[in-house]
Amino acid sequence: MFSHFSKFAVSITKSMEHTRRNRIVDLLKSREFGSEVMVKGWVRTKRGNKNITFISLNDGSVIHHIQVVAEVARFDEEVLKLVTTGSCIAVRGTLVESMGQGQHVEIQAKEIEILGTADPETYPLQKKGHSLEFLRDIAHLRPRTNTFGAVLRIRHAMAYAIHKYFNDHGFFYIHAPIITGSDAEGAGAMFRVTTLDDRNPPLLPDGQVDYSQDFFGKETKLTVSGQLEAELGAMALSLVYTFGPTFRAENSNTPRHLAEFWMIEPEMAFYDITDNMDLAEDFLKYLMQYALDYCIDDLEFLTKMYDNELIDRLKGVINSKFERLSYTQAVEILIASGQTWEFPVAWGSDLQAEHERYLVEKHFGRPVILTDYPRDIKAFYMKQNPDGTTVRGMDVLFPRIGEIIGGSQREENLEALMNRIHEMNIPEKDVWWYLDTRKFGTAPHAGFGLGFERLILFVTGMANIRDVIPFPRSPKNAAF
Ligand code: 4AD
Ligand code: MG
């Protein structure tokens, strides 16, 4: 493979076959000094002198690196030369107590094998301290940085904790379809899914594209939400949730919007809006606590590097009672605040991030749940209040993020729902299946949607949503 390698390297390959790899996270916790260990990972730095080489190795199992100490005389010079930043190596050696600062253990190397070289002239992560913008352009390599390692491990832990929370609370995981034939939710512009020839699509006599000849025999899109399907599940299994990718084709180029993001949508039969708020608050606090319990090394790193209030902010959420008030009360507070806004505040218009953040960060100093929004700015399915102007929607607002959760009690009354559908010109033929749940054994129910990347933004303290998903999709950006 590497012609300039000595036979030495080859014989090591053989001797290392079938040897179990030790994860660095386990070794760093180990006190079994003197034991034989084997690690594989990517070199972060190499330094030393003519007698001794120190290699800092990371395998992604933990933010910390393990130090490998190699006596130069014991190794083939050619092999050590190929140990460069970014290269991948396997090391066998003895676990020893470290005399160096900042680590308890290190490995005295006996054998080193180069699994993959990384040319120092061209390896893009040769130096430390690249900007997050630069790293976005090398999304294929950024998982190898400390920052993205931390973000990806936290992302994983949060996904696991979400499933654990719901499983422990008697919820069932429902898989909503990603390709959908319905646009009832109205949550945003949709991406079309088609196999028609884009240069020569079949046309109807009126010049419109004839989707009856498309793959599904009708026009189909990528889903904006799994809620409507989750409702079908809740009307059978009582407590369900979805957790899947959702897509919105809006041209929102903000640090809080993606065109492809993941959403968690619990849906609960026999819940009203208060139960819904209680669940949302308990769920979010559980996730913050889980992060503190299981991701503390990564959180400490992110706190040190990016956001010195991060850990305190997570604790602050856990220890606070979320403030609950109506949209109408919030509007009164915002108008009375005397602030100047980029977007003016008036009853009936949607609140912007600046308003949401003012309420959370300046006025209340803790998370806020707003309820009872004007019905004209919310979806057709929200339960209508007797006042005829508001609906039982709820948004959970977080510091730095603004809206992290959107949800509602659902309109379970068939007549009220039909009236709303007609008012909003939603064709009955598109939602007949949804209406059936109100026709047959309808029940009060409620649910909400948590934007997974907004959660990860909050938990990691990162500033841009493009930095909390491995391969972000946003307007004019689907590079990888
Ligand atoms: O408020 P939204 O649009 O609500 C729904 O889709 C409902 N069907 C949820 C439900 O009741 N089951 O979206 C829910 C959450 C938002 O609060 C936000 O956290 C996130 O999804 N979100 C986005 N995250 C990233 N990029 C975008 N473009 C987002 N749009 C919404
Ligand atoms: Mg919303």
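Both ligands and their constituent atoms are indexed starting at 1 by order of listing. Side chains included, hydrogens not; waters and symmetry mates left out as well; all remaining heavy atoms used.
Heavy atoms of Arg410 come nearer than 4.0 angstrom to ligand 1 in at least one pair. Distances shorter than 4.0 angstrom occur between a heavy atom of Gly407 and an atom of ligand 1. Under a 4.0 Å heavy-atom criterion, Met263 is in contact with ligand 1. Residue contacts with ligand 1 do not include Trp262, since none of its heavy atoms lies under 4.0 Å from the ligand.
Judged by distance alone, with hydrogens and angles left aside, the side-chain atoms of Arg366 form no donor-acceptor pair with the main-chain N or O of Val317 at under 3.5 Å. Formation of a donor-acceptor pair under 3.5 Å by the Thr180 side chain with backbone atoms of Ser182 is found in this model. Not a single donor-acceptor pair under 3.5 Å links the side chain of Arg392 to the backbone N or O of Lys383.
Two rings, from Tyr173 and Tyr241, have their centers less than 6.0 Å apart.
Nearest protein heavy-atom contact of atom 6 (O) of ligand 1 is Arg248 NH2, 2.9 Å. Closest to atom 5 (C) of ligand 1 among all protein heavy atoms lies Glu185 OE2, 3.7 Å. Annotation: atom 17 (O) of ligand 1 to nearest protein heavy atom, Glu403 OE2, 2.6 Å. Counting only heavy atoms of the protein, atom 8 (N) of ligand 1 lies nearest to Gln227 OE1, 2.7 Å. Protein heavy atom at the shortest distance from atom 15 (C) of ligand 1 is Gly449 O, 3.6 Å. Nearest to atom 20 (C) of ligand 1 among the protein's heavy atoms is Gly451 CA, 3.5 Å. Of all protein heavy atoms, the one lying nearest to atom 12 (N) of ligand 1 is Glu265 OE2, 2.7 Å.
Below 30°, between 30° and 60°, or above 60°: for Phe458 and Phe398 the angle between ring planes is above 60°, a perpendicular geometry. Below 30°, between 30° and 60°, or above 60°: for Tyr306 and Phe301 the angle between ring planes is above 60°, a perpendicular geometry. A tilted orientation is assigned to the rings of His363 and Tyr358, their planes being inclined by 30° to 60°. Note on ring orientation: taking the six-membered ring where Trp is involved, the planes of Tyr290 and Tyr160 are tilted (angle from 30° to 60°).
Residue pairs meeting the salt bridge (charged side-chain N to carboxylate O under 4.0 Å, His left out) criterion with at least one partner in residues 145-155, sequence neighbours excluded, are Arg153-Asp298, Arg155-Glu453.
Polar contact check, Glu250 against ligand 1: no nitrogen or oxygen pair lies under 3.5 Å apart. Between Ser225 and ligand 1, an N or O atom pair is found at a separation short of 3.5 Å. For Gly406, a nitrogen or oxygen atom sits less than 3.5 Å from a nitrogen or oxygen atom of ligand 1, counting backbone and side chain alike. Inclusion of Leu258 in the set of residues having an N or O under 3.5 Å from an N or O of ligand 1 is warranted.
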Candidate pair Met268 and His445, rule side-chain contact (heavy atoms from CB on, under 4.5 Å), full reasoning | CA-CA 6 Å; Met268 297 74 66; His445 63 290; over 6 Å; no
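Of the heavy atoms in Arg454, only side-chain atoms (C-beta onward) come closer than 4.0 Å to ligand 1. Under 4.0 angstrom from ligand 1, the non-hydrogen atoms of Ile404 all belong to its backbone. When non-hydrogen atoms are compared, ligand 1 lies under 4.0 Å from neither the backbone nor the side chain of Glu267. Residue contacts with ligand 1 for Phe261 involve side-chain atoms from C-beta outward but no N, CA, C or O (heavy atoms, distance under 4.0 Å). Neither the backbone nor the side chain of Phe398 has a heavy atom within less than 4.0 Å of ligand 1. When non-hydrogen atoms are compared, ligand 1 lies under 4.0 Å from neither the backbone nor the side chain of Thr246.
Test Glu231, Glu412, Glu415, Glu411 against Arg438 for side-chain hydrogen bond (donor to acceptor under 3.5 Å, both in side chains) and you get one pass: Glu231.
Glu428 and His422 share a side-chain donor-acceptor pair at under 3.5 Å.
Considering just the N/O/S atoms of Glu403, the one nearest the Mg ion (ligand 2) carries the name OE2.
More than 12 heavy atoms of other residues, nucleotides or ligands sit less than 6.0 Å from atom CZ of Phe134.
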